[in-house]
Protein chains: 2
Amino acid sequence: MEPFGALADPVRRALLQRLARGPARVVDLTAEHDISRPAISRHLRVLGEAGLVAAEDVGRERHYRLVAEGLHPVRAWLDQVTVVAGPRVPEHVLDALDLEVRRTGRDRAQTSPSHRHTQETG
Amino acid sequence: MEPFGALADPVRRALLQRLARGPARVVDLTAEHDISRPAISRHLRVLGEAGLVAAEDVGRERHYRLVAEGLHPVRAWLDQVTVVAGPRVPEHVLDALDLEVRRTGRDRAQTSPSHRHTQETG
DNA sequence: TCTATTAGTAACAAAGTAGTTACCAATGTG
DNA sequence: CACATTGGTAACTACTTTGTTACTAATAGA
């Protein structure tokens, strides 16, 4: 859940996009985001807890960089959902599935499978 | 933008996963989600506004189904970020990039950075 | 050493989110 | 027709999120 929640905020997505092009300091990231530095700082903390960014201390500066692997759960979820949904099922096939699911739902409610009248499928 | 926010909630993600396996009614979706039907109903509304699900009225029932294309912006964003971040850049290369960016950040206040670092690592 | 820069934390206010119960409308079914 | 089923909306509450300003700590540099 962590990475999904982290991606919900547009500022955090912009930060990740920026970091995808290379590491940056907090002041640099703040410079182009009409919000205060503490706000950016907290966004970075959220991203860090989600495993999407990592920081390295360089003197008094802190260099944040993208951790692309942190996005893996998101990609995996996306793949799972879209693959199971099937590769471009035509509309009329979805309709057929639709009727099927309705019948199943009713059967489950009263647990009597002898009640089927399969006159819709051809 | 919208779809990202919709995916932030675990209940909504579960609903999408469920609908990926076929359409379902609201009562069916509610049956396996220890929250009330109005809550599910509102989640479905959010998903609908995000373009991730669609509904079809069948008598007094409403059949929701996944709209997989609605996830396309998410996948596109993921692709963009991970592609730009590069395919598995080794740690020492990231360090090099790190130093490069730090110097550039300082230069930006004075001179114009008219160079680029586009090195492939295979 | 004194001062500027960088960055995190604390405390707070405004807004959004997610759940609840109560209610209403529409559609099947005995 | 009477009644159950299905599903959306309204009103409300509790919690979370996101921004702010003020403060503190550590490092760089004249």
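Convention: sequence-line order gives letters A, B, ...; per-chain numbering from 1.
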Verdict with reasoning, A:L19 to A:L29, per side chain to side chain contact (heavy atoms under 4.5 Å, CB included): CA-CA 9 Å; A:L19 293 178; A:L29 296 170; 4.2 Å; yes
Does A:R25 put a side-chain nitrogen or oxygen below 4.0 Å from OP1 or OP2 of C:dT6? yes
Could you tell me whether the phosphate oxygens of C:dT6, OP1 or OP2, come under 4.0 Å of any side-chain nitrogen or oxygen in A:Y64?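 So the side-chain polar atoms of A:Y64 never come under 4.0 Å of the phosphate oxygens OP1 or OP2 of C:dT6.
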Rounded to the Å, how far apart are [X] [atom1] and [N] [atom2]?
X	N	atom1	atom2	answer
A:D57	D:dA26	CG	P	12 Å
A:R37	D:dA22	CZ	P	14 Å
B:L7	C:dT17	CG	P	14 Å
A:D28	C:dT5	CG	C1'	12 Å
A:E61	C:dG8	CD	C1'	15 Å
A:R62	C:dT9	CZ	C1'	12 Å
A:L29	C:dT6	CG	P	13 Å

Can you name the residues that form a side chain to side chain donor-acceptor pair (under 3.5 Å) with A:D57, not counting sequence neighbours?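 A:D57 satisfies side chain to side chain donor-acceptor pair (under 3.5 Å) with A:R62 once adjacent residues are dropped.
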With sequence neighbours excluded, tell me which residues meet side chain to side chain donor-acceptor pair (under 3.5 Å) with B:Q17.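 Counting only residues at least two positions away or on another chain, B:Q17 forms a side chain to side chain donor-acceptor pair (under 3.5 Å) with A:Q80.
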With sequence neighbours excluded, what pairs up with B:A54 under the side chain to side chain contact (heavy atoms under 4.5 Å, CB included) test?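 Partners of B:A54 by the side chain to side chain contact (heavy atoms under 4.5 Å, CB included) criterion, ordered by chain and then number, come out as B:R65, B:V67.
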If you check every side-chain atom of [X], which of [options] has the closest atom?
X	options	answer
B:S36	C:dG8, C:dT20, C:dT6	C:dT20
B:V26	D:dG7, C:dA7, C:dT20	D:dG7
A:R12	C:dA18, D:dT18, C:dT21	D:dT18
A:R60	C:dA22, D:dA28, D:dA4	D:dA28
B:P38	C:dA7, D:dA10, D:dG19	D:dA10

Which parts of residues 39-49 of chain A get close to DNA chain C, meaning a heavy atom less than 4.0 angstrom away? A:S41, A:R45
Tell me, please, which residues at least two apart from B:R75 pass salt bridge (Lys or Arg N to Asp or Glu O under 4.0 Å). A:D79
Terminal axes of the helix from C:dT1-D:dA30 to C:dG30-D:dC1 (5 end pairs apiece), angle rounded to 10 degrees, sit apart by 20°
Nearest heavy-atom approach of B:F4 to B:P73 is CZ-O, 4.3 Å
Taking all non-hydrogen atoms of both residues, which atom of B:V74 and which atom of B:P3 are closest, and how far apart? CG2-CB, 3.8 Å
What donor-acceptor contacts under 3.5 angstrom involve side-chain atoms of residues 39-52 of chain B, with partners at least two apart or in another chain?
residue : atom : partner : partner atom : Å
B:H43   : ND1  : B:R12   : NH1          : 3.1

Is any side-chain heavy atom of A:L71 closer than 4.5 Å to one of A:L7?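 Result yes, sub-4.5 Å side-chain heavy-atom pair found.
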